[in-house]
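The block underneath contains the structure these notes are about, expressed in C-alpha cells.
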Amino acid sequence: MGELRPLGEDLTQESRALAQALRELFEGLDVSVRRYAARHRRDPGTFSRYLNGTRLPPWEVIMGIMTDLAEHRGTTVTPEAIEFIRGLHGSAFDSSSSPKHAVEIIEQQLADADHVSRRSSVRGDILGDALLERQNRIANLEVRLSQMEAALTSERERAGQLAAAHPDVSELRGERDVLRQEVTRLGNELQAAHEQRDAAEARCDLLERQLAAVEHPVALPVAPPLRMPKVLVVDDQPDNLLAMTAVLGTLDQELVTVSSGRDALKALLHHDDFAVIIMDVQMPEMDGYETAAHIKRRPRNRDVPIIFLTAMGVDPEHTARGYAAGAVDYISKPFDPWALRAKVAVFTEIHLERRISPVKGTASRPSST
C-alpha cells in the first residue's frame with residue numbers, strides 16, 4: 001500500500017489520462033501512498049485506487065495534491081495547471097458516468113452489505129453457543145448449590161447449630177455470579193450481532209431495489225390525489241448543489257437545497273413530506289454525522305432516510321460511523337448521476353408505498369441502525 005499500484009485494467013482513455021497526470025503530481029511529493037493518506041486522514045486503499053484510475057477522485061482530493069506539491073516545491077498553483085487538470089477530471093467523470101458504472105457501484109455496496117450480514121450471522125451463532133453453554137453451567141451449579149445447601153442445613157439442624165456459609169458453597173456462588181455476568185454480556189453482544197445482521201439485510205434489500213431501478217427504470221406510481229415528496233440536499237459547496245440539482249431535476253420532485261447542517265435542521269422545521277435527505281459528510285461547524293444525529297433525535301424527522309455524500313471513500317470506519325449516526329446509504333464524490341437518481345427514486349418509491357399503505361411501509365422501511 002506504500003507504493004503506487006499499476007494503472008487499472010480496462011480504463012477509459014479519459015480515466016487513464018487523469019490517473020497518469022495525478023501520478024506525476026503525486027510522485028513529485030516524494031512520499032508513500034500510505035503516509036500521504038495518513039497525513040490527510042484518508043483511507044490508503046481508496047487513495048491508491050484514485051491514483052491507479054480505478055476510482056475517480058473528488059476534486060478536493062486533486063486540489064489537495066496540487067496544493068501540497070506547490071508547497072513542497074515552494075511555488076504556487078497556476079490557474080493554467082488547475083484548468084488543465086480540471087478538464088481531465090471533467091472528461092474522466094463524463095466517460096465513467098453510465099448505467100453500467102452505476103451498477104458496478106451499487107453491486108460493490110451490495111457485496112459489502114452481504115459480507116456484514118454473513119459475518120454478523122456467524123458471530124451470532126458463536127455467541128449463541130457460548131451463551132447456551134454458560135446457561136447450562138449455571139443450571140448445573142444451581143442444582144449442586146441446592147443439594148449442598150440442603151445437606152448442610154440438615155446436618156446443622158441435627159447438631160443444633162446455626163446455618164453458616166460453607167467455603168464450598170461460597171465458592172460455587174461466586175462462580176455462578178461470574179457466569180451470570182458473562183450471560184448478561186453475551187446476551188447484549190448477541191442482540192447487537194442480530195441487529196447488525198438485520199440492518200445489513202435491510203441494506204441488501206434496498207440495494208437490490210436500486211439495482212433494479214438502474215437496470216429497468218420505471219415511472220413512479222403516483223396518481224391523484226398523491227403528490228411527489230420532496231428531497232433535501234445538504235452541501236456546503238455551491239458547485240455540488242448545482243450538480244445535484246441538475247441530476248435530480250429529471251425526477252420531477254421539489255428539491256430543497258441548503259448549505260449547512262443548521263440550515264438543514266431549519267428546513268426540516270419549515271417543510272415536511274421529505275422522501276430522503278442527501279447530506280455531505282464534511283461540512284464546517286456541524287458535519288454530516290452531527291446533523292444526522294440531531295435529525296434522528298426529532299420524532300417528526302427520525303424516519304426520513306439519509307444518504308451520506310462523502311469524499312473520504314466508503315470504507316468500513318466511515319460507514320460504521322455513518323450508520324450509527326442514522327444514515328441508511330452512502331455515495332462517494334464525485335457521485336455517479338445514474339446511481340444517485342436510482343437511490344433517490346427507490347427511497348421515493350418506498351415513501352409513497354408507506355403513504356399508501358402504512359402497514360406495508362413500516363415493514364419495508366430500511367433500518368437506520
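Quick note: residue numbers are just sequence positions, from 1.
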Carefully, step by step, assess Arg42 and Glu60 under the rule salt bridge (charged side-chain N to carboxylate O under 4.0 Å, His left out). CA-CA 12 Å; Arg42 296 188 181 277; Glu60 302 95 293; over 6 Å; no
When you look at Phe335 and Ile105, which way does the side-chain contact (heavy atoms from CB on, under 4.5 Å) test go after all the steps? CA-CA 10 Å; Phe335 61 87; Ile105 292 172; over 6 Å; no
Does Leu18 form a side-chain contact (heavy atoms from CB on, under 4.5 Å) with Leu56? I'd like the steps, not just the answer. CA-CA 9 Å; Leu18 175 65; Leu56 192 62; 3.5 Å; yes
Hey, mind stepping through Arg23 and Glu27 against salt bridge (charged side-chain N to carboxylate O under 4.0 Å, His left out) and telling me if it holds? CA-CA 6 Å; Arg23 292 163 77 89; Glu27 286 173 345; 5.4 Å; no
Check step by step if salt bridge (charged side-chain N to carboxylate O under 4.0 Å, His left out) holds for Lys230 and Asp273. CA-CA 6 Å; Lys230 303 180 183 71; Asp273 198 30; 5.5 Å; no
If you apply the rule side-chain contact (heavy atoms from CB on, under 4.5 Å), what do you find for Val276 with Ile307, and how did you get there? CA-CA 7 Å; Val276 63; Ile307 301 175; 3.8 Å; yes
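Within 6.0 Å of CZ in Arg262 there are 12 or fewer heavy atoms belonging to other residues, nucleotides or ligands. Under a cut-off of 6.0 angstrom, the local environment of CZ in Arg144 is sparse, with at most 12 non-hydrogen atoms contributed by other residues, nucleotides or ligands. Applying the 6.0 Å contact sphere to CD of Glu71 captures no more than 12 heavy atoms from other residues, nucleotides or ligands.
Using a 4.0 Å cut-off between charged nitrogen and carboxylate oxygen, Arg137 and Glu133 count as a salt-bridge pair. Between Arg197 and Glu201, no side-chain nitrogen of the basic residue sits less than 4.0 Å from a carboxylate oxygen of the acidic one, so the salt-bridge criterion is not met. Looking at Arg118 and Asp114, a side-chain N of the basic residue comes within less than 4.0 Å of a carboxylate O on the acidic one, giving a salt bridge. A salt bridge does not link Glu290 to Lys296: none of the charged nitrogens lies less than 4.0 Å from a carboxylate oxygen. Checked for salt-bridge contact, Glu142 and Arg180 meet the test: a charged N lies under 4.0 Å from a carboxylate O.
Considering all non-hydrogen atoms of both residues, Ala275 and Pro305 come closest at O-CG, 3.1 Å. Summarising the geometry of Ala200 relative to Ala113, their closest heavy-atom pair is CB-O, 3.5 Å, with the distance given to 0.1 Å. Closest approach of Leu4 and Val33 over heavy atoms only: CD2-CG2, 4.0 Å. For Leu248 against Val344, the heavy-atom pair with the smallest separation is CD2-CG2, 3.9 Å. Of all non-hydrogen atoms in Leu131 and Gly187, the two that sit nearest each other are CD1-N, 4.2 Å. Residues Gly261 and Thr291 share a closest heavy-atom pair of CA-OG1, 3.3 Å.
The closest donor-acceptor contact from the side chain of Ser91 to the backbone of Gly87 lies under 3.5 Å. The backbone N or O of Leu265 lies less than 3.5 Å from a partner atom in the side chain of Arg298, making a donor-acceptor pair. At least one donor-acceptor pair closer than 3.5 Å links the side chain of Thr67 to the backbone N or O of Met63.
Between His89 and Arg86, the side chains place no donor N or O within less than 3.5 Å of an acceptor N or O (distance only, hydrogens not considered). Counted by atom type alone, Asp112 and Gln108 present one or more donor-acceptor pairs between their side chains at under 3.5 Å. In summary, the side chains of Ser120 and Ser117 do not present any donor paired with an acceptor at a separation below 3.5 Å, with no hydrogens or angles considered. For Thr348 and Gln253, the side-chain atoms include at least one donor-acceptor pair closer than 3.5 Å. Side-chain contact, Gln282 with Asp236: no donor N or O sits under 3.5 Å from an acceptor N or O.
One finds the CG atom of Leu145 at 5.0 Å from the CG atom of Leu172 (value rounded to the nearest 0.5 Å). Taking CD1 from Ile126 and CG from Leu186, the interatomic distance works out to 11.5 Å, rounded to the nearest 0.5 Å.
Ring orientation note: the planes of His40 and Tyr36 are tilted relative to one another, at an angle of 30° to 60°.
Both the sub-6.0 Å distance and the 45° axial angle are not jointly satisfied by Arg203 relative to the ring of Tyr330.
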